[in-house]
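So the structure is just underneath, and the comments pick up after that.
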Number of protein chains: 2
Amino acid sequence: MPQQMKTSADLRVHNQTRLLRLVHDADEPLTRAGAARLLGIGRNTAAALVGELEAAGLLHEVPAETTGRGRPTTLLLAHPDGPVAFAADIREDSWTLARIELGGRLTELETGEHDRTPMVFDEIRGATRRHATDRLASLGIAIAGPVRDGRRLHISHLGWDDVDLGEHIGDEWPTVVDNDGRLAGLAEARRGALRGTGTALHFHIDFDIGGTLLLGGDSQRGANNIAGEFGHMPLTGSSLRCMCGVQGCWSLDVGANALLRRFGQNPGYGAGRARGREILARAEAGEPEACRAVDDNATALGRGLGALANALDPEAVTLSGLGIDLIRLRRGLIEQACAEALMRFRRADPPRILAGTVGEIGPLRGAAEIAFDTILSPGWLRTRLQAGPSM
Amino acid sequence: MPQQMKTSADLRVHNQTRLLRLVHDADEPLTRAGAARLLGIGRNTAAALVGELEAAGLLHEVPAETTGRGRPTTLLLAHPDGPVAFAADIREDSWTLARIELGGRLTELETGEHDRTPMVFDEIRGATRRHATDRLASLGIAIAGPVRDGRRLHISHLGWDDVDLGEHIGDEWPTVVDNDGRLAGLAEARRGALRGTGTALHFHIDFDIGGTLLLGGDSQRGANNIAGEFGHMPLTGSSLRCMCGVQGCWSLDVGANALLRRFGQNPGYGAGRARGREILARAEAGEPEACRAVDDNATALGRGLGALANALDPEAVTLSGLGIDLIRLRRGLIEQACAEALMRFRRADPPRILAGTVGEIGPLRGAAEIAFDTILSPGWLRTRLQAGPSM
DNA sequence: CGCTTTAAGTTCGAGGCGAGAACAAAATGC
DNA sequence: GCATTTTGTTCTCGCCTCGAACTTAAAGCG
């Protein structure tokens, strides 16, 4: 249990956590007075909270420009020596490492290629070591496969069958690993088109579909951290057998693999992605067969979204990857198919279907968020406040 | 926003809320010393918290029987003049009203029949008025249809199309209305087979399937409180059109309607339920055609469960209604079909499929839980502590 | 039977927290 | 140049939980 709040000391840490979260989540730098108003606390209390956080090297106050009458206040910024998180995104044959500070400013540090073995984790550890300072507090990693219990990886197309990440992660830094589609959704919920939604869904459409249910800005993880394989539900009546071992998966009809199959090409990875995009381009240019392939893709997408909306009642649905192109090219078809799959009484108020706004950086951003979730927790903060800025 | 905790006064209310929740959720009456240990607070603090709660008429301390060495302590019981919740379950043509006190003790008060119009809410209000004392603090109502935003009802088989409950509910008592399947699931999560699970699913199988996703003991409600129509996802490849307006719904293959259709009978309500049970009985007696119908039902059930498990990764799944019979008669078939619909890497660790243990009283129990959730909230408690027991 | 042990209850002082009031300070605007 | 507005600062107050010390009430045991 995450240390239930009980004492007045817990209360202070709790309020400081709320304050830091507010600063981290804000679009624009907050003023101290503004933050106090948002938290509903007095100016005196805010001064005390911020003072301790500055002393602990977590916040930095700088004079704010005056905007009107009244005594000028200060802006709450990330402390120049404050904790930072590193985030890594492991794609098919490359990876990116970035540094994120409080407030979300992201700096790319290094990218590299990898040999499609779990050695990529050691590479990332090496890169982290190259860039790490004592400011590094937490490392988040996004990878394209289900991560059971946060440490056991299953990626069939890389031939990773139940790879235990324990030894690959090491213990130099607190490290969290999660699925890239889920993290992309988390990024939309925290800093993208799903901001402020209570219940939402996000789907990343690449060769197939991965997604996540977002509740109050957090992604639903399931009992074993392997929730989100929406693409492997039989939502479109396909009679094909999927690589996952199941018949009729939604992913057989949506995504690059579905486009490729239409043209007699094998489901693929690597170069297959370019061929998928080529089909989209041909459809955009008006080639009939490509158009029909994209039509079918969009229709199947919409049907699945409608079915899921019946069960989960999302306020909005965001898409990333190919989904962004499908929205651009076939919004009408998607919405129509979705409406037909919606129960009648829902059709007057369908979920909004939106293109994600975080972009390709989504998994990286999401990895940064889960890394910062470690930092913005009462437990971490309590330790830091006791240990001082040199922690 | 539910009144964020900020001050030390909030802290006390927070701890008192935790204490009351502990008492409400406990199987056996708790001792004061035991509760203090569970909450991780000192005996002195516990004495202060309990003292105030007793003075506010929320808890009652009685001497506990000594179990071993040491000074005897007291048992924390519901106060004889403490707040109670009423819960109502509206079934097809009848209703039940019950009284629930802190700790969960449930007393049936009255049952009646109704004319299948929204007037049933007025009847329930009348019955509530007959039994109400000033102890009544909250009323929870379970009903067999989606309740949009907690007040707009859609029940196609009763011809209720977007019925606004505002006027029917009145404002004599705080009243919450929700879907019966969801409430049955909540009952399993709070007091049944799903107790202690982090992520779970519950399905009530009657004529069709309704369900809910349970996260940390709470049911997921969706953006408009109409989540849970899992039965209206196309999980089994049916080509039939469902009454809900969608093609291929899972509910077309699972539940009493699917059994009836197999024997050329129309999907029904009322007497149809008995005919469905009769088919189950004939299958149990070994009649081949009935057996096949039940086999198909069980197989379709399992397939859907597997598909949903891929997406939501539940730790366990409970069933109520016909689901209990299907588990009893065809557990093997359900589990086999579920496994086949699970992605390969999940098959070694499938979700547990369990019969619900709360029984037919599930919706009523769940309605009691949401009614008590009102009472066991910091806001309500704060008011009560200020107003004294006469509130 | 009386002493020891155990587990609770009780009392009291210490330390911490946020609220609120009063005042000071720093900007704008007329 | 003075009133206005907004924020920072200081100080007191009430509230909370904790921990230590002590008391109380049972069981165990010789």
Side-chain angles (χ1 to χ4, degrees), chain A residues 3-20 22 29-56 59-76 378 381-382 385-386, chain B residues 3-20 22 29-56 59-76 378 381-382 385-386:
Chain A
Q3 176 93 20
Q4 182 67 50
M5 171 160 29
K6 283 162 11 191
T7 74
S8 38
D10 296 336
L11 190 58
R12 165 138 307 193
V13 174
H14 169 76
N15 279 333
Q16 285 174 323
T17 306
R18 288 207 300 149
L19 177 59
L20 285 177
L22 202 64
L30 287 172
T31 65
R32 194 175 80 181
R37 264 193 306 273
L38 288 172
L39 290 180
I41 61 179
R43 300 191 299 272
N44 48 357
T45 307
L49 298 182
V50 171
E52 283 183 20
L53 291 172
E54 171 114 41
L59 281 182
H60 186 51
E61 287 189 279
V62 300
E65 295 194 3
T66 63
T67 57
R69 284 188 175 187
R71 178 171 174 171
T73 178
T74 55
L75 246 31
L76 303 179
L381 189 54
R382 189 175 295 115
L385 289 166
Q386 283 164 6
Chain B
Q3 174 95 20
Q4 183 67 49
M5 172 161 28
K6 283 164 10 194
T7 75
S8 34
D10 295 336
L11 193 56
R12 166 143 301 193
V13 174
H14 168 76
N15 280 333
Q16 286 174 322
T17 306
R18 290 207 298 149
L19 177 59
L20 285 177
L22 202 63
L30 287 172
T31 64
R32 195 175 80 182
R37 265 193 305 273
L38 287 172
L39 292 178
I41 61 178
R43 300 191 298 273
N44 47 359
T45 307
L49 298 181
V50 171
E52 281 183 23
L53 292 172
E54 171 113 41
L59 281 182
H60 186 50
E61 287 189 279
V62 300
E65 295 195 4
T66 62
T67 58
R69 284 190 176 186
R71 179 171 174 171
T73 178
T74 55
L75 247 30
L76 303 178
L381 190 53
R382 189 175 294 114
L385 288 167
Q386 283 163 8

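Within every chain, numbering begins at 1; the chains are lettered A, B, ... in the order of the sequence lines, protein sequences first and strands thereafter. Keep in mind the model is a prediction, meaning the values are calculated, not measured.
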To 10°, what angle do the rotation axes through the five end pairs on each side of the helix from C:dC1-D:dG30 to C:dC30-D:dG1 form?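 Axis-to-axis angle, ends of the helix: 0°.
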I need the [X] [atom1] to [Y] [atom2] distance, nearest 0.5 Å.
X	Y	atom1	atom2	result
A:L385	A:Q16	CG	CD	5.0 Å
B:L76	B:H60	CG	NE2	11.0 Å
A:T7	B:N15	OG1	CG	9.0 Å
A:E52	A:L381	CD	CG	9.5 Å

What is the per-nucleotide protein-contact pattern of nucleotides 9-16 of chain D, from the 5' end, where B denotes a base atom under 4.0 Å from a protein heavy atom, S denotes such proximity for sugar-phosphate atoms only, and - denotes neither? BB---BBS
First contact, last contact: which nucleotides of DNA chain C are these for chain B, 5' to 3', heavy-atom distance under 4.0 Å?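 Using the under 4.0 Å cut-off, the span is C:dT5 to C:dA19.
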Looking at every heavy atom in both B:V13 and B:P378, which two are closest together, and how far apart are they? CG1-O, 3.5 Å
Which residues pass the ring-ring contact (aromatic ring centres under 6.0 Å, His included) test with B:H14, sequence neighbours left out? none
Calculate the interatomic distance between A:R69 atom CZ and D:dC2 atom P; express it in whole Å.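 One finds 16 Å between P of D:dC2 and CZ of A:R69, rounded.
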Given atom CD of A:E61 and atom C1' of D:dT7, what is their separation to the nearest angstrom?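 My rounded result for the distance is 12 Å.
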Just to verify, what does A:T31 make a side chain to side chain donor-acceptor pair (under 3.5 Å) with, not counting sequence neighbours?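 None.
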With sequence neighbours left out, what residues match B:T74 under side chain to side chain donor-acceptor pair (under 3.5 Å)? B:E61
Distance-only donor-acceptor hits, side chain of residues 36-50 of chain B, under 3.5 Å, sequence neighbours excluded:
none

By nearest-heavy-atom nucleotide on DNA chain C, the more 5' of B:T7 and B:T31 is B:T31
Please tabulate, one pair per line, all N/O donor-acceptor pairs under 3.5 Å involving side-chain atoms of residues 65-73 of chain A, not counting sequence neighbours.
none

